[in-house]
Asker: 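Dropping the structure in here first, questions after.
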Amino acid sequence: MPEGHHLHRLALDCNRVFTGHTVAVSSPQGRFAESAALLDGREWFEARAHGKQLFCGFADDVADDGALWIQIHLGLIGGLSFTPLAPPVGQVRLRMATEEVAADLRGPQVCRLVTGAEMAAVREKLGPDPLDPLADPDIAWRRIQRSSKPIAALLMDQSVLAGVGNVYRAEVLFRQRINPQREGRLLKKSSWAGIWDDLVALMPLGVADDRIDTVRPEHTPEAMGRPPRVDDHGGEVYVYRRHDQSCLVCGSTVHKADLAGRNLYWCGKCQRRG
DNA sequence: AAAAGATGGTGAC
DNA sequence: TCACCCTCTTTTG
């Protein structure tokens with residue numbers, strides 16, 4: 001679940017549930033208890049997402065920006081789920097609740113109280129986010145241009161580009177027909193423009209549906225007479241976790257390889273651009 | 001029943 | 001490059 005689209009979706013959900021409310025903040029598991037007590041009963045301020053980082057703000061008269069923030073990073077296995085108010089089940093690091101709804105945070109990589117200045121410092125280290133309408137793709141392009149790392153590695157580097165994870169990486173490179181091993185410094189400007197524009201188009205759909213669908217109409221299960229994808233690792237995709245199966249476009253076998261400790265999926269025949 | 005693996009990232013070598 | 005974090009699902013025995 002947790003690529004950038006999911007965090008932006010959670011920010012929207014938090015704002016929908018908590019705006020105009022005071023929030024009961026607690027840490028049933030105990031590891032965030034001290035900070036939770038500090039925030040408990042405060043007025044909700046605002047949630048914001050930048051890439052895979054989620055910030056939940058609570059009103060604070062003393063803070064420069066009028067708020068104190070919880071920085072949340074789900075990591076690989078964390079989750080934030082909304083349920084009708086009921087006793088917490090399992091290990092809940094953070095609970096934010098109204099009288100009707102509870103948002104429970106489990107297994108996060110990061111859950112800490114930060115000031116507005118600390119939040120800004122975290123955000124300064126992140127590259128542009130395709131889900132931010134004000135983001136500047138040239139900032140990422142300058143980093144890519146002077147790197148000898150493969151474009152597939154650069155897309156996963158959150159200081160280059162914020163929000164893209166393993167699924168969007170594999171899928172946008174396939175859709176743009178780009179060789180994942182192409183060095184950043186050798187990538188054509190038009191290829192980068194294609195990647196960025198495609199992410200700007202794709203990721204809002206991911207926010208709306210809370211899943212990653214990247215397959216064009218002509219390659220959908222209905223259009224091709226194939227069974228729909230049934231697992232819950234994203235939606236309909238071209239290459240992600242489709243290794244040893246046939247490419248939906250050319251029929252050749254989809255490859256899988258380890259790149260910097262993460263699984264990379266691609267079609268060697270379709271993806272030859274640089 | 002146990003192990004492996006996952007949409008992520010850090011810190012120690 | 002690897003162990004580790006910590007949760008849940010899927011695969012293996």
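In what follows, chains are A, B, ... by sequence order, proteins preceding strands, each numbered from 1.
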Asker: So if I take every side-chain heavy atom of A:Leu76 and compare against B:dG9, C:dT7, B:dA6, which nucleotide ends up nearest?
Answerer: B:dA6

Asker: Could you check how far NE2 of A:His243 sits from P of B:dA6, rounded to whole Å?
Answerer: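 Going from A:His243 (NE2) to B:dA6 (P), I get 8 Å.
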
Asker: When all nucleic acid strands are considered with a 4.0 Å heavy-atom cut-off, which category describes A:Arg31: base, sugar-phosphate, or nothing?
Answerer: sugar-phosphate

Asker: Give the rounded distance in Å between these two atoms: OH of A:Tyr168 and P of B:dA6.
Answerer: 20 Å

Asker: If you only use heavy atoms from C-beta on, which nucleotide in B:dT7, B:dG9, B:dA6 is closest to the side chain of A:Val167?
Answerer: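 Out of B:dT7, B:dG9, B:dA6, the nucleotide with an atom closest to A:Val167's side chain is B:dT7.
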
Asker: Within less than 4.0 Å of OP1 or OP2 of B:dT7, is there a side-chain N or O belonging to A:Lys52?
Answerer: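 No, because none of the side-chain N or O atoms of A:Lys52 sits under 4.0 Å from OP1 or OP2 of B:dT7.
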
Asker: Check whether any side-chain heavy atom of A:Val101 lies under 4.5 Å from a side-chain heavy atom of A:Pro84, and answer yes or no.
Answerer: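 No, side chains not in contact.
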
Asker: Nearest whole angstrom, please: distance from the C1' of B:dA6 to the CG of A:Asp258.
Answerer: 14 Å

Asker: Got a second to check how far A:Leu105's CG is from A:Leu74's CG, nearest 0.5 Å?
Answerer: 6.5 Å

Asker: Find the distance A:Leu126:CG to B:dG9:P and express it as a whole number of Å.
Answerer: 9 Å

Asker: A:Asn166 side chain N/O closer than 4.0 Å to the phosphate oxygens (OP1, OP2) of B:dA6?
Answerer: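 For A:Asn166, the contact criterion (side-chain N or O under 4.0 Å from OP1 or OP2 of B:dA6) is not met.
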
Asker: Side chain of A:Arg262: nearest nucleotide among C:dT7, B:dA6, B:dG8?
Answerer: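 Among C:dT7, B:dA6, B:dG8, the one nearest the side chain of A:Arg262 is B:dG8.
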
Asker: Quote, to the nearest angstrom, the P distance that separates C:dT11 from B:dT7.
Answerer: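 Each nucleotide's P atom is 15 Å from the other's.
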
Asker: Using atom NE2 of A:His6 as one end and atom C1' of C:dT7 as the other, report the distance to the nearest whole Å.
Answerer: 13 Å

Asker: Given atom CZ of A:Arg241 and atom P of B:dT7, what is their separation to the nearest angstrom?
Answerer: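 Taking CZ of A:Arg241 and P of B:dT7, I get 7 Å after rounding.
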
Asker: Looking only at side chains, do A:Glu46 and A:Asn15 share a donor and an acceptor under 3.5 Å apart?
Answerer: no

Asker: Using the P atom on both, measure B:dA1 against C:dC5 and round to a whole Å.
Answerer: 25 Å

Asker: Before accepting this row, confirm whether a basic side-chain N of the pair A:Arg226/A:Glu236 lies closer than 4.0 Å to the acidic partner's carboxylate O.
Answerer: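 Salt bridge flag = yes for A:Glu236 with A:Arg226.
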
Asker: In whole angstroms, how far is the P atom of B:dG9 from the CG atom of A:Leu155?
Answerer: 13 Å

Asker: Check the hydrophobic clustering (I, L, V, M, F, W, Y; side-chain heavy atoms under 4.5 Å; chains of links allowed) and say if A:Met119 and A:Leu39 are grouped together.
Answerer: no

Asker: Could you check which of C:dT7, B:dT7, B:dG9 has an atom nearest any side-chain atom of A:Arg106?
Answerer: C:dT7

Asker: Output the rounded distance in Å from NE2 (A:His73) to P (B:dT7).
Answerer: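 One finds 14 Å between P of B:dT7 and NE2 of A:His73, rounded.
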
Asker: Suppose you measure atom P in B:dA4 against the same atom in C:dC4; what distance do you get, rounded to whole Å?
Answerer: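 After rounding to an integer number of Å, I get 14 Å for this pair.
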
